[in-house]
K.L.:
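Dropping the structure in here first, questions after.
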Amino acid sequence: MPTETVYGLAASAMNETAVSSIFALKGRPQDNPLIVHVDSLPMARSLAELDDKAEKLADKFWPGPLTMVLKSRGVVPAGVTAGLHTVGIRMPDCDGTLALISASGVPLAAPSANKSGSPSPTSAAHVARDFGDELLILDAGECGIGVESTVVDMTREIPVILRPGAVTQEMLADCIGKVDCAQAFAPMEEGQPAAPGMKYRHYAPAAKVTVGEGEAASVAEAIKYLYDKELKKGEKPLVMAAREHKRFYGRRDVAVTGSEDDLREAARSLYGLLRGADADGFTSILYEAVPKVGIGFAVMNRVYKSAAYNIVRV
Ligand code: AMP
Ligand code: MG
């Protein structure tokens with residue numbers, strides 16, 4: 001099913017067998033809980049306890065790209081919540097999908113509709129590439145936001161963002177007061193090298209991803225150096241850069257992530273570009289970091305993971 005964030009692989013959240021087929025199809029670890037999609041506040045309230053803060057956030061951001069982790073009423077089966085006493089709930093901002101939930105008469109559990117570990121799908125074609133004709137795909141064109149929902153744990157004294165998204169920490173704090181953000185960039189901020197075995201590699205294309213970060217002209221110099229080195233080694237490199245920086249790269253292959261002035265474009269383009277690079281046979285992606293402001297924070301959270309924290313700072 002389409003949503004405003006990414007496409008979801010949906011099944012009745014109330015049907016254990018259907019839910020377990022989601023995990024099987026995706027190759028998803030059983031201990032990673034699924035988000036439950038609802039079409040209304042009463043449906044959300046029937047599944048979980050919404051306190052005052054949760055009600056305020058629902059009122060302000062639903063339907064929209066915000067998932068709240070709430071105390072479960074025990075109605076949703078353990079397969080959905082990975083046995084937790086909490087359940088992640090959101091109301092997607094997509095009319096067709098809200099109609100689908102209403103027509104189903106049940107909440108729909110849905111993770112992103114990609115094979116586990118690969119970039120999330122932001123078009124029906126992306127879903128078809130991962131699953132072929134295994135699935136019925138509802139095609140609503142390209143996703144407007146392009147990165148997964150913000151996940152906020154509402155069961156703590158001070159709510160904590162577990163995954164950044166289009167609804168930012170500032171937007172949440174404006175609505176309900178203090179909100180923390182858990183370890184969105186932990187592995188690099190602690191100065192640790194990427195874990196062996198690519199422990200942190202998610203959202204990842206087959207191509208190796210390197211992030212260039214710093215002042216724009218210096219980043220371009222570093223990326224050009226890496227590009228030319230990789231080309232000599234027989235790799236097929238691709239630069240991913242802001243439209244305004246394309247000229248820095250001369251005749252090298254460049255895919256535009258978006259405009260410097262509108263980071264929503266970088267969010268919308270991200271997964272399609274990563275998937276497109278693989279489809280076009282590129283073996284190395286050199287990604288110009290975007291500023292970690294607004295939705296740029298969520299973009300860089302995903303880019304770092306797809307790069308397994310392989311970052312060049314200049
Ligand atoms: P995905 O379905 O791929 O968008 O991933 C769903 C995200 O929501 C994962 O990061 C989950 O860990 C998180 N999530 C869903 N339900 C819960 C929950 N009850 N507690 C904590 N995190 C959750
Ligand atoms: Mg996912």
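All figures in this text were calculated on a predicted structure; none of them were measured in a lab. Numbering of ligands and ligand atoms starts at 1, following listing order.
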K.L.:
Using the rule that Ile, Leu, Val, Met, Phe, Trp and Tyr join whenever any side-chain heavy atoms are under 4.5 Å apart, tell me whether Ile89 and Val19 fall into a single cluster.
P.N.:
yes
K.L.:
Verify side-chain contact (heavy atoms from CB on, under 4.5 Å) between Met43 and Ile101, making sure each step is shown before the conclusion.
P.N.:
CA-CA 10 Å; Met43 189 184 269; Ile101 300 167; 4.0 Å; yes
K.L.:
Among all residues two or more places apart in sequence or in another chain, which pass the salt bridge (Lys or Arg N to Asp or Glu O under 4.0 Å) test with Asp39?
P.N.:
none
K.L.:
So what's near the Mg ion (ligand 2), protein N, O or S atoms under 2.8 Å?
P.N.:
Ser112 OG
K.L.:
Is a side-chain donor-acceptor pair under 3.5 Å present for Glu148 with Ser120?
P.N.:
yes
K.L.:
Taking atom types as modelled, is there a side-chain donor on Thr67 or Arg163 under 3.5 Å from an acceptor on the other?
P.N.:
no
K.L.:
Verify the distance criterion only: is there a donor paired with an acceptor across the side chains of Glu265 and Thr257 at less than 3.5 Å?
P.N.:
no
K.L.:
Within the side chain of Lys236, is there an N or O that forms a donor-acceptor pair under 3.5 Å with the backbone of Leu231?
P.N.:
no
K.L.:
Please lay out, stage by stage, how Arg264 and Asp262 fare under the test salt bridge (charged side-chain N to carboxylate O under 4.0 Å, His left out).
P.N.:
CA-CA 5 Å; Arg264 288 174 304 181; Asp262 187 0; 3.0 Å; yes
K.L.:
I'd like the residue list for ligand 1, meaning every protein residue with a non-hydrogen atom under 4.0 Å from the ligand.
P.N.:
Arg28, Asn32, Pro33, Leu34, Ile35, Val69, Leu84, Thr86, Val87, Gly88, Pro111, Ser112, Val151, Leu162, Arg163
K.L.:
Please tabulate, one pair per line, all N/O donor-acceptor pairs under 3.5 Å involving side-chain atoms of residues 74-87, not counting sequence neighbours.
P.N.:
unit_1	atom_1	unit_2	atom_2	d
Thr81	OG1	Gly83	N	3.4
Thr81	OG1	Leu84	O	3.4

